[in-house]
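Comments concern the structure below.
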Amino acid sequence: MILDGSWYSEFAETFEKCFLRDNRYKLLLSGIGVTIKVALLAAFMGLIIGFLIALCNLSKKKILNVIGKVYTDVIRGTPSVTQLMIIYFVVFATVNWPKWIIAAIAFSINSGAYVSEIIRAGILSIDKGQTEAGRSLGLSKTQTMMSIIVPQAVKNIFPAMCNEFITLIKETAIVGYVGLVDIQKAGDFIKSATYEAFMPLIATAIIYFVLIKILTLALGAAEKSLRKSDKR
């Protein structure tokens with residue numbers, strides 16, 4: 001099948017208008033950096049928040065248990081875009097911090113609720129005999145948790161944590177609501193400037209796909225390495 005010359009010419013012209021003219025491709029490159037920064041910081045802080053909330057949910061102290069459950073219910077029960085705007089326009093309205101850091105905080109608070117449930121399930125999946133063995137060796141409750149329970153739970157929750165991180169990257173596509181130019185917003189700017197919808201949207205989708213595919217392969221290799229010690 002021979003492609004029509006006019007089709008190729010039209011494609012090349014649209015590509016030039018969308019990405020080469022006025023160096024519009026730089027918007028996408030800059031957007032990639034913003035997306036990665038927000039996602040990495042949010043994942044790191046979300047992991048810390050999630051671990052603390054998981055401990056609250058597992059605690060026998062009623063006040064900690066209530067805090068953990070209320071936090072989880074509220075965050076999981078409200079849209080992430082609403083949470084982002086509340087954090088940015090209300091909580092940090094008078095704070096002169098970079099937008100991407102505030103956005104990362106909002107996403108970490110959202111992610112922390114889901115991470116907490118993943119960690120809680122992972123800890124509960126460990127046989128109680130492991131805790132009893134640790135205590136019988138003279139370890140404190142905290143030492144038993146950190147030295148025996150958590151390392152075993154990590155292997156169980158790693159795949160779910162990977163899925164949460166991938167979901168987090170895709171969720172950052174809403175940061176345009178607070179004026180950040182990420183991958184999605186960069187594509188929207190190109191679409192508005194050129195009145196071309198197809199190519200900017202396809203480029204945006206391809207970039208997200210490539211990022212997530214690379215991340216999936218890297219996390220898959222990490223999981224394989226983590227499982228090497230398993231006897232199966």
Under 3.5 Å, is there a donor-acceptor pair between the side chain of Ser225 and the main chain of Ala222? no

Return yes if some donor-acceptor pair links the side-chain N/O of Ser30 with the main-chain N/O of Leu27 below 3.5 Å, else return no. no

Check Val178 against Lys99 and note the closest heavy-atom contact, atom names and distance. O-CD, 3.6 Å

Taking only Lys NZ, Arg NE, NH1 and NH2, and the carboxylate oxygens of Asp or Glu, determine whether Lys191 and Glu196 approach each other closer than 4.0 Å. no

Hey, does the side chain of Asp182 reach the backbone of Lys185 with a donor-acceptor pair shorter than 3.5 angstrom? yes

Ignoring hydrogens and angles, tell me if any N or O in the side chain of Asn57 forms a donor-acceptor pair with the backbone of Lys69 under 3.5 Å. yes

Set out, in order, the CA-CA distance, both residues' side-chain angles and the distance that settles side chain to side chain donor-acceptor pair (under 3.5 Å) for Thr78 and Gln83, then state yes or no. CA-CA 7 Å; Thr78 54; Gln83 296 165 17; 2.7 Å; yes

Check: Lys17 main-chain N/O paired with Arg24 side-chain donor or acceptor under 3.5 Å: yes

Would a distance-only check, ignoring hydrogens and angles, find a side-chain to backbone donor-acceptor pair under 3.5 Å from Ser111 to Phe107? no

Please determine if Arg76 and Glu117 form a salt bridge, counting it only when a charged side-chain N lies under 4.0 Å from a carboxylate O. yes

Sub-4.5 Å side-chain heavy-atom contact between Ile49 and Ser116: no

Just checking, is any N or O donor in the side chain of Asn156 or Ser125 under 3.5 Å from an acceptor N or O on the other one? yes

With a 3.5 Å distance limit and no angle check, can you tell me whether Tyr71 reaches the backbone of Ile109 through a side-chain donor-acceptor pair? yes

If you draw a 6.0 Å radius around CZ in Phe89, do more than 12 non-hydrogen atoms from other residues or ligands fall strictly inside? yes

Distance flag, aromatic centroids of Phe92 and Tyr88, threshold under 6.0 Å: no

Using a side-chain heavy atom cutoff under 4.5 Å and only I, L, V, M, F, W and Y, what cluster partners does Val70 have? Val66, Val74

